[in-house]
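What follows is one structure encoded as structure tokens, with my remarks underneath.
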Amino acid sequence: MKTGPVDPRTSKVIGVASVFLDNSFNATAFRGMHGAARARGYELLLVYATPRRVFERGVALRQVAGWIAMYNVDGLEELLSEGKPGVIFCAPPLGARWPVVRAENHDSIHLLVDHLVRLGHRRIAYIGMTGSDDFHERSKAFDQALRARGLEADLNLLSDFHECAVIYTEQRFQELLERNGKFCTALVAGNDEMAIGAINAIRAHGYRVPEDIAVVGFDDINAAQYCDPPLTTVRQDPALLGRMAVERLLDLLDGLPPRELVTRAPAELVVRRSCGSGGAAWNAAPVAPAIEASGGGWQRALSRQMNLVMDGSGRTLSDDAPLGWIEAEVIAQGLGAALAGEEPPDVETLQRAFAAGVARNDKIEVLLAVVKLVEQTAARRLAGAPDPEAARRLETFLDRVRLSQQRALAAWERRSVKSLERLVRAKVHMSRLLASKHAWTEERLEWLAQTSIGAGCIALWGEASGSAEPELLVHSVYPSDTDLTALVGRRYPASLFPPPALRAAALPDEPGGYLLIVPLVSAKRDWGTLVLGGLHMESFADNLHPLAMWVSLLIAAFEHHDMEAALHAERDMLAAAYERERALASTVRELGCPVIPLLPGVLLISLIGAIDAARAQQIIEAALSGVAREGARWVLLDVTGVPFVDESIAAALVQTAQATRLLGARVSLVGVGPRMAQGMVGLGIELRDISIFQSLAAAISELTRPGKKAKATRAD
């Protein structure tokens with residue numbers, strides 16, 4: 001879609017097109033992207049779609065200065081056809097124009113396989129998702145690693161798994177175990193979620209982990225340390241990957257050539273109980289770098305080292321480099337105060353400092369390594385302290401440090417639980433949305449109040465208005481009691497959506513202040529766009545985990561109410577048709593039995609339409625009153641306009657003839673065609689004492705024949 005150049009007033013926006021959002025790895029990657037973008041004065045705009053889909057829909061194209069394509073590069077060339085720069089995240093290269101940032105897959109898999117082989121495993125399997133290039137790279141490295149160690153790579157099960165979620169993997173791996181039994185002694189999973197799903201399936205099948213089947217994963221997501229048993233995995237830093245992707249894109253925006261075509265983020269092996277350790281110590285905790293500073297600079301040096309441990313980086317940090325965890329200085333300064341005989345920070349102050357650290361890295365072993373670093377530094381400083389009371393003060397301070405670290409981690413976990421509780425309430429409200437007409441028409445986004453999302457909007461495609469490009473009409477906003485309500489009813493060209501006011505509502509100065517655009521598309525129709533903003537990192541992954549469910553329910557609500565509207569329209573149409581039919585039937589009843597004096601002593605009654613019990617009574621009454629009024633001796637019932645004759649109609653005609661005979665007149669049928677006659681014979685209908693004429697002309701000719709009395713050929 002050609003939309004013209006980027007609007008220079010809104011060009012400080014980085015677009016991210018991703019087909020995966022709802023897991024902890026991506027949430028952390030987005031955090032890294034957002035931090036790097038914000039440091040350079042840019043905003044982040046996520047779109048839940050492939051590059052091709054983004055291009056075809058045209059939403060936000062004139063808002064975005066450059067794009068990051070995550071996991072999928074289909075349509076990237078079209079999306080960047082107007083010369084915008086782009087970076088590829090965890091996907092294969094697509095030419096030299098667009099640098100690639102991805103995980104270190106090859107050496108990491110070799111580390112995992114080597115560790116399992118050292119533990120004595122020879123039957124090792126691999127599982128991964130077929131639709132991801134990262135999983136394919138890990139699959140290829142797995143085959144190479146096994147063959148390099150003289151083992152058969154016949155248990156590479158990549159093609160057997162099409163999703164990488166916990167529940168899917170659990171179900172699929174359970175099927176493999178039921179079919180093949182314990183077909184391996186160790187399993188390498190392409191990511192931690194698949195590893196956790198496999199562990200659940202193995203234990204449900206009655207096997208033990210790691211005694212019967214050892215399991216290792218990849219990524220070291222938050223859940224890896226809490227699963228039972230804790231998961232051995234490869235730790236990579238998705239936030240670092242996100243930062244690297246943004247930095248490469250900003251370099252391109254500044255006119256700098258790519259540093260290299262493919263940049264790999266470092267990774268390390270984290271050994272926990274899921275694979276057994278063969279008696280070796282686990283190495284999940286990072287090694288604290290030695291502190292080289294002395295004198296008055298040791299506290300600053302301690303803060304730097306604490307930052308390095310928290311970031312999981314073995315790199316050095318210059319004295320003038322900004323600290324990501326600036327609150328670490330509170331702990332370092334507190335240690336200095338305790339050594340100097342001054343009052344150190346209280347537990348609440350230290351807890352706030354650790355809370356900021358937990359927000360950066362909530363791995364238990366990392367937090368323990370930070371505390372251990374403080375303890376080691378305290379021991380070194382205490383060795384040269386002349387004050388005999390220093391040891392007591394120091395132990396008191398370290399107790400506060402340990403307690404505050406535990407409290408900060410517990411508070412973080414409680415927030416996660418509360419976030420899940422909010423999601424349950426949100427699901428209930430979404431169910432109400434489907435069932436309640438009031439919720440649909442008045443409070444379409446009210447369910448967002450149960451989440452940590454700060455702003456929301458539903459924009460639907462507008463009717464064609466002669467504009468050069470499709471337009472989106474803002475239908476609903478959240479919160480509904482803010483200035484955002486001024487947007488409702490406004491139309492925006494797709495390429496200039498979302499409007500600046502909605503972007504501002506996402507709180508761009510906050511850590512989670514960016515927008516997510518989700519297409520509302522079903523197999524039948526593209527309805528429009530859902531926009532979510534103000535996504536806070538402590539619950540980002542929890543909020544996005546059910547994103548697919550939210551979108552499905554919202555689309556189902558659209559289609560439900562669209563179908564309901566169509567049914568109402570059809571009902572109204574049928575009701576109108578019924579009223580017309582009633583009016584027509586009334587007219588037919590009024591005109592259906594006209595009694596016409598045709599000849600002296602002869603009456604003609606023309607019957608039109610179907611004959612029911614009410615009309616049969618009407619025919620009898622009309623015939624009798626006509627005979628009595630006109631003194632007629634003959635009644636012709638013209639059935640040319642009657643579509644069919646069945647037993648009940650025949651009975652009505654016989655009743656008419658019998659009643660008329662009591663008044664001294666005879667009845668004849670006129671207009672009986674071959675089809676009606678055949679039907680009457682087929683039904684065995686005998687019209688006794690009723691004469692039949694094929695047409696009115698035949699009846700008149702017979703009744704007016706000269707020299708004869710009016711008579712007709714008897715039916716029998």
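Computed from a predicted structure; not experimentally measured.
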* **Verdict with reasoning, Thr529 to Val518, per side-chain contact (heavy atoms from CB on, under 4.5 Å)** => CA-CA 6 Å; Thr529 292; Val518 184; over 6 Å; no
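- Between Asp526 and Arg53 there is a salt bridge, since at least one side-chain N of the basic residue sits less than 4.0 Å from a carboxylate O of the acidic one.
- Taking each heavy atom of Pro51 and Ala69 in turn, the nearest pair found is CG-CB, 3.9 Å.
- The number of heavy atoms from other shown groups lying within 6.0 Å of CG (Asp483) does not exceed 12.
- With rounding to the nearest 0.5 angstrom, the CG atom of Asp160 is 12.5 Å from the OH atom of Tyr126.
- Rounded to the nearest 0.5 Å, atoms SG (Cys457) and CG (Leu487) are 7.0 Å apart.
- Interatomic distance, CG of Leu472 versus CG of Leu460, reported as 8.0 Å (0.5 Å rounding).
- Residues passing the side-chain hydrogen bond (donor to acceptor under 3.5 Å, both in side chains) test with Asp74 are Arg52, sequence neighbours excluded.
- Distance CZ/Arg235 to CG/Asp192: 10.5 Å, rounded to 0.5 Å.
- A side-chain donor-acceptor contact under 3.5 Å links Ser495 and Glu469.
- In this structure, the separation between CD1 on Ile199 and CZ on Phe173 is 10.0 Å, given to the nearest 0.5 Å.
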* To do: Check the pair Ser18, Tyr48 against side-chain contact (heavy atoms from CB on, under 4.5 Å), reporting the backbone distance first and the verdict last.
  => CA-CA 5 Å; Ser18 179; Tyr48 193 14; 5.8 Å; no
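- Between the side chains of Glu163 and Thr169, no donor-acceptor pair of N or O atoms lies under 3.5 Å.
- The two residues Ala36 and Leu250 have their closest heavy-atom pair at O-CD1, 4.3 Å.
- Listed here is the closest heavy atom pair of Ile517 and Pro498: CD1-CD, 3.8 Å.
- In terms of heavy atoms, Tyr226 sits closest to Leu409 at OH-CD1, 4.0 Å.
- In this structure, the side-chain hydrogen bond (donor to acceptor under 3.5 Å, both in side chains) partners of Asn105, at least two apart in sequence or on a different chain, are Asp134, Glu137, Arg138.
- For Phe497, there are no ring pair (Phe, Tyr, Trp, His ring centres under 6.0 Å) partners, not counting sequence neighbours.
- Within a 6.0 Å radius of CG in Leu261, more than 12 heavy atoms belonging to other residues, nucleotides or ligands are found.
- Among all heavy-atom pairs drawn from Val551 and Pro519, the shortest one is CG1-O, 4.2 Å.
- Without hydrogens or angle criteria, Arg97 side chain to Glu77 main chain gives no donor-acceptor distance under 3.5 Å.
- Judged by distance alone, the side chains of Gln236 and Asp219 do bring a donor and an acceptor atom under 3.5 Å apart.
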* **Intermediate values then yes/no, side-chain contact (heavy atoms from CB on, under 4.5 Å), Arg248 and Val100** => CA-CA 9 Å; Arg248 300 296 180 273; Val100 178; over 6 Å; no
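- Side-chain contact annotation: Tyr168 with Glu193, donor-acceptor N/O pair under 3.5 Å absent.
- Smallest separation of non-hydrogen atoms from Ala355 and Ala408: N-CB, 3.7 Å.
- Of the inter-residue distances, the one linking Glu247 atom CD with Arg40 atom CZ reads 7.5 Å to the nearest 0.5 angstrom.
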